[in-house]
Amino acid sequence: MATLSAYSPPWPNPNPNATLLSTQEAVEGLESQSQSQNSYHSLSSIMPQDQLTDQLSPVNPDPNYHASLSSPPDSTLPVSLLHLTFNQDFGCFSAGTDHGFRIYNCDPFREIFRRDFDCGGGGGIGVVEMLFRCNILALVGGGSVPQYPPNKVMIWDDHQNRCIGELSFRSEVRSVKLRRDRIIVVLEQKIFVYNFADLKLLHQIETIANPKGLCAVSQGAGSLVLVCPGLQKGQVRVEHYASKRTKFIMAHDSRIACFALTHDGQLLATASTKGTLVRIFNTADGTLLQEVRRGADRAEIYSLAFSSTAQWLAVSSDKGTVHVFSLKIPGSPAADKLWNTPDSNSAVNSSTSPLSFFKGVLPKYFSSEWSVAQFRLVEGSQYVVAFGHQKNTILILGLDGSFYRCQFDPVNGGEMTQLEYHNFLKPEAAF
């Protein structure tokens, strides 16, 4: 059962004119429990919808800030990363540590701010989810000494340097996804969709065991598309909320390991636990549009990312290589532009096996589409990837504290060029 809570005095009302809402919710088919005596401030009054711009306002700590947060941390203390993720437009990334959380800008690379909690050596944050660049974040405790219970989602307002609400569940929270109008909470076998403004429960979804908390949501204005594991091995479920349609796609024979959506929710990339193939589907009808090959041997796929134009797809795995694939989705503006440019076919053609003309005769492996560009990393470490705001650039984050910005050649392909490297966990990395 999920319960909603909010914080009453001694913390002051952040907005004297805020509308107070009653927290009455029916969750998991159980009877509603009235908590009107603990009514909470509407998030819409704290963060008006028309002010949800991509601006991270400067933080002005209040005099009581260090009552809940530590004094400036000892930079010599070791820090362990528990969580890394990009924000919705890949302009920033957040890091959850065993002492708190940090927010970084990608280009130019710099630390924007950090919050280190004073918990006698604890204060672990296992999930930090940003909402573009605004002051609201979703936090979940993690690590050996978590700052918050792992079964709670804490809504943090960095303007006030405190939590302004929470969502509690019967089991541990695996991940959280944010949109300007929704909060999506992922548990081991269930997903809850809430309205952002008043935390009203809108939808519940049952899934197969989902320990990684796999879930993806579109970020385009208007219609919401949500993708999660289905109830069968290798199946993904696509929820189209605007048209109130649900589509099930049998994407792989093995369990789903990773997936990603385009910004508008029209395309879906999936990978299985086998990790050799990545498939791209049309979310509207479930049609398989393209299949690309990462390699021949098994691998754990850590992340998938579409470029903003859906012309490229990036993949990272435990093999230590980041791959960039060319997408040729029929009818898409990106595909039309790609194929109509006179000198743009070299890298695309080179990504196809030279034995592809034997397609249908030789095993499928020999007619596979391979990556256009690659970047080699330390094998065994976990990396997540995204496309940078500069043309043909890739951003790579590692759980070892590494940040890479690389550039690939869309015409000739091959090895990417490293443009930038930082270790954001080292004290000397002053930005």
Spatial distance of atom [atom1] ([X]) from atom [atom2] ([Y]) [nearest 0.5 Å]:
X: L202; Y: F196; atom1: CG; atom2: CZ; answer: 13.0 Å
X: L267; Y: T262; atom1: CG; atom2: OG1; answer: 4.5 Å
X: F248; Y: M250; atom1: CZ; atom2: CE; answer: 11.5 Å

Do [X] and [Y] come within less than 4.5 Å of each other through their side chains, counting heavy atoms only?
X: R279; Y: Q290; value: no
X: K328; Y: E369; value: yes
X: L327; Y: Q311; value: no
X: L224; Y: V217; value: yes
X: I125; Y: L82; value: no
X: F86; Y: F387; value: no
X: Y421; Y: S402; value: yes
X: F375; Y: Q418; value: yes

Quick one: list whatever passes salt bridge (charged side-chain N to carboxylate O under 4.0 Å, His left out) with E206, sequence neighbours left out. none
Can a donor-acceptor pair be found, under 3.5 Å and without considering hydrogens, that links the side chain of [X] to the backbone of [Y]?
X: H252; Y: L277; answer: no
X: Q88; Y: M130; answer: yes
X: R102; Y: E111; answer: no
X: T273; Y: S254; answer: no
X: S175; Y: G213; answer: yes
X: R294; Y: V278; answer: no
X: S223; Y: A242; answer: no
X: Y104; Y: F424; answer: yes
X: H323; Y: W370; answer: no
X: D98; Y: G143; answer: no

May I ask you to decide if the ring planes of F403 and F93 are parallel, tilted or perpendicular, using 30° and 60° as cut-offs?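 F403 and F93: parallel rings.
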Which heavy atom of [X] sits nearest to which heavy atom of [Y], and what is that distance?
X: I301; Y: S317; answer: CD1-CB, 3.9 Å
X: F281; Y: L289; answer: C-CD1, 4.0 Å
X: F259; Y: I256; answer: CD2-CG2, 3.6 Å
X: S94; Y: I103; answer: CB-CD1, 3.6 Å
X: R293; Y: F325; answer: O-CE2, 3.3 Å
X: P410; Y: W312; answer: CB-CZ2, 3.6 Å

Please tabulate, for the side chains in residues 226-239, all donor-acceptor contacts under 3.5 angstrom to protein atoms that are two or more places apart in sequence or on a different chain.
residue, atom, partner, partner atom, Å
Q235, OE1, L231, N, 3.1
R237, NE, E239, OE2, 2.6
R237, NH2, E239, OE2, 2.7
E239, OE1, T246, OG1, 3.0
E239, OE2, T246, OG1, 2.9

Paired with I183, the side chain to side chain contact (heavy atoms under 4.5 Å, CB included) test is passed by just one of I155, V193, N195, L131, namely I155
Any side-chain donor near an acceptor of the partner, Q390 and T393, under 3.5 Å: no
Give every residue pair that meets the salt bridge (charged side-chain N to carboxylate O under 4.0 Å, His left out) criterion with at least one member in residues 244-261, sequence neighbours excluded.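 Not a single pair qualifies under salt bridge (charged side-chain N to carboxylate O under 4.0 Å, His left out).
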Residue pair D158, N135: steps toward the side chain to side chain donor-acceptor pair (under 3.5 Å) verdict: CA-CA 5 Å; D158 210 72; N135 53 295; over 6 Å; no
